[in-house]
Amino acid sequence: MSKHNFLEDSRFEGLRPFDKKIWLASPTMHGDEQHWVDEAIRTNWVSTVGANINEVERQMAEYVGVKYAVALSCGTAALHLATKLAGERLYGQAKPNHGTLEGHKVFCSDMTFDASINPVAYEDGEAVFIDTEYDTWNMSPEALEKAFEIYPDVKLVVVAHLYGTPGRMEEIKAICDKHGALIVEDAAESLGAKYKLNGRWVETGTLGDYNCISFNGNKIITGSAGGMFLTDSKEDADKVRKWSTQSREAAPWYQHEEIGYNYRMSNIIAGVIRGQIPWLEEHMAQKKAIYERYQEGLKDLPVRMNPYDAERSIPNFWLSCLIIDKNAMAHHVRGEREERWQSEKGKSSPGEILAALAAFNAEGRPIWKPMHLQPIYRTHAFVTAEGSGQDVGADIFRRGLCLPSDNKMSPEEQDRVIEIIRRCFR
Ligand SMILES: Cc1ncc(COP(=O)(O)O)c(C=O)c1O
């Protein structure tokens with residue numbers, strides 16, 4: 001059943017829809033943003049140079065703990081230039097109609113947003129997808145090790161931290177070091193999350209050879225758009241800044257010795273981010289409280305929250321998710337673009353829960369569909385930890401879902417969301 005009238009369903013008796021929609025993760029403005037945007041306009045700094053850009057680069061580099069931050073138009077642009085830098089370092093500068101990764105495979109996180117790994121294709125490389133592990137829902141180090149056994153020549157790995165939860169980076173970095181491979185770190189969703197690397201706490205965004213964050217509208221802080229490349233290398237920072245401003249050389253005229261991009265951040269966008277940075281800690285605290293409230297409110301249901309390694313990581317709790325126990329999954333099938341589900345007593349499914357939430361005016365979302373299941377990438381290699389074909393990513397996609405995680409949701413509203421989910425299992 002995919003069309004179902006939840007408001008008439010006796011299981012949901014006494015519950016009423018939210019008057020104001022409860023979002024998955026929407027921007028939260030505080031007022032300071034307006035000040036810095038106005039300042040840019042008042043002083044006429046409304047292009048891709050200005051004090052807001054300089055200030056957000058300085059503040060983010062300091063916060064994350066890197067020497068240089070380069071402000072770009074979006075996280076995808078940061079990932080593209082990071083991937084290109086890696087390709088150039090490994091294989092040299094490419095001719096204008098060729099990518100730097102042409103003819104080369106790249107190991108990639110599989111359960112992530114496609115923006116993490118599309119840059120491999122932009123640079124003409126071939127993504128090989130590495131399966132996910134259950135402990136953090138990120139790249140499985142065991143599967144990565146297997147992949148190096150199968151493709152020993154690979155020299156680049158793109159790793160994302162899903163939903164703000166750091167992956168098992170200590171193991172992943174050790175494997176990459178052993179095989180002489182570079183890492184592009186996609187910390188788009190995990191700004192502010194911390195990881196204990198070899199006994200020392202560091203921020204995500206410092207864990208790769210090339211690191212990226214995003215200020216997209218749904219992220220923990222936002223500029224409405226925007227992204228950054230983070231590095232300790234002055235040479236890499238200078239290169240990314242130059243590539244992002246059309247690769248202009250130091251000459252009196254437009255002189256081009258490399259392919260360029262229009263990827264630089266605008267000083268207006270930077271004004272919004274400048275106003276948001278002071279609120280990062282508060283947003284994370286709100287998201288953590290939301291996660292813990294779900295954990296408590298759902299604890300006697302046959303579900304678990306998205307897990308993290310409490311010894312070695314502090315997530316930013318950007319999105320709260322749940323996964324339904326195998327034996328509590330009601331019938332639910334997905335085709336390419338449609339799904340069918342059925343109610344079953346004592347059980348439920350992501351399809352049913354998301355439909356119920358939508359009926360009551362709350363926004364959840366399916367787990368990001370793994371890349372190896374995407375039609376565009378289905379012919380690419382996919383490496384699992386066990387040869388038996390255990391596909392962890394597909395399993396989490398099948399049984400999991402993202403819950404409304406908006407930091408403006410009140411405890412009372414969240415209690416109602418929890419109650420809706422509870423009723424789905426009746
Ligand atoms: C994991 C991940 N990588 C990359 C991106 C791309 O960032 P942007 O939207 O800023 O281009 C996003 C989100 O948008 C993301 O969630």
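Just follow the structure's listing: the first ligand is 1, and inside any ligand the first atom is 1. Here the structure is a predicted model, which is why all the values come from computation and not from measurement.
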Is a salt bridge present between Arg416 and Glu419, judged by a nitrogen-to-oxygen distance below 4.0 Å?
no
Specify whether Trp341 and His4 have parallel, tilted or perpendicular ring planes, treating 30° as the upper limit for parallel and 60° as the lower limit for perpendicular.
perpendicular
What protein heavy atom sits nearest atom 5 (C) of ligand 1, and how far off is it?
Ala115 CB, 3.7 Å
Below 4.0 Å from any atom of ligand 1, is there a heavy atom belonging to Ser116?
yes
Atoms of ligand 1, numbered as shown, that sit under 4.0 Å from any heavy atom of Ala188
2 (C), 3 (N), 4 (C), 5 (C), 12 (C), 15 (C)
Salt bridge or not for Glu142 and Lys146, using N-O below 4.0 Å?
no
Near Gly226 (heavy-atom distance under 4.0 Å), the atoms of ligand 1 are 10 (O)
Within less than 4.0 angstrom of ligand 1, does Cys212 place any heavy atom?
no
Within the structure, does Gly75 bring an N/O atom to less than 3.5 angstrom of an N/O atom in ligand 1?
yes
Does Asn216 reach ligand 1 with a nitrogen or oxygen that is under 3.5 Å from one of the ligand's nitrogen or oxygen atoms?
yes
Give me the residue, atom name and distance of the protein heavy atom closest to atom 12 (C) of ligand 1.
Phe113 CD2, 3.6 Å
Return the residue, atom name and 0.1 Å-rounded distance of the protein heavy atom closest to atom 16 (O) of ligand 1.
Glu189 OE2, 2.5 Å
Scan side-chain atoms only and decide if Gln390 and Thr384 contain a donor-acceptor pair under the 3.5 Å cut-off.
no
Over 60° means perpendicular and under 30° means parallel, so tell me whether Tyr291 and Tyr308 are parallel, tilted or perpendicular.
perpendicular
Please determine if Lys299 and Glu292 form a salt bridge, counting it only when a charged side-chain N lies under 4.0 Å from a carboxylate O.
no
So which heavy atom in the protein is nearest atom 14 (O) of ligand 1, and how far is it from that ligand atom?
Lys219 NZ, 3.1 Å
Under the ring pair (Phe, Tyr, Trp, His ring centres under 6.0 Å) rule, what do His372 and Phe382 come out as? Steps first, then yes or no, please.
CA-CA 6 Å; His372 78 281; Phe382 170 58; 3.5 Å; yes
Do Lys196 and Asp309 sit within salt-bridge range, that is, some charged N less than 4.0 Å from a carboxylate O?
no
Among all protein heavy atoms, pick out the one at the shortest distance from atom 3 (N) of ligand 1; state its residue, atom name and that distance to 0.1 Å.
Asp186 OD2, 2.6 Å
Atom 7 (O) of ligand 1: which protein heavy atom is closest, and how many Å away?
Ser214 OG, 3.4 Å
Please classify the Asn218 to ligand 1 contact at 4.0 Å (heavy-atom distances, strictly less than): side chain, backbone, both or neither.
neither
Is there a polar contact, in the sense of an N or O pair closer than 3.5 Å, between Thr112 and ligand 1?
no
Where is the nearest protein heavy atom to atom 11 (O) of ligand 1: which residue, which atom, and how far?
Thr76 OG1, 2.5 Å
Could Arg168 and Glu171 be called an ion pair, given the rule that one side-chain N must be under 4.0 Å from one carboxylate O?
yes
Which of parallel (below 30°), tilted (30 to 60°) and perpendicular (above 60°) describes Tyr91 and His104?
parallel
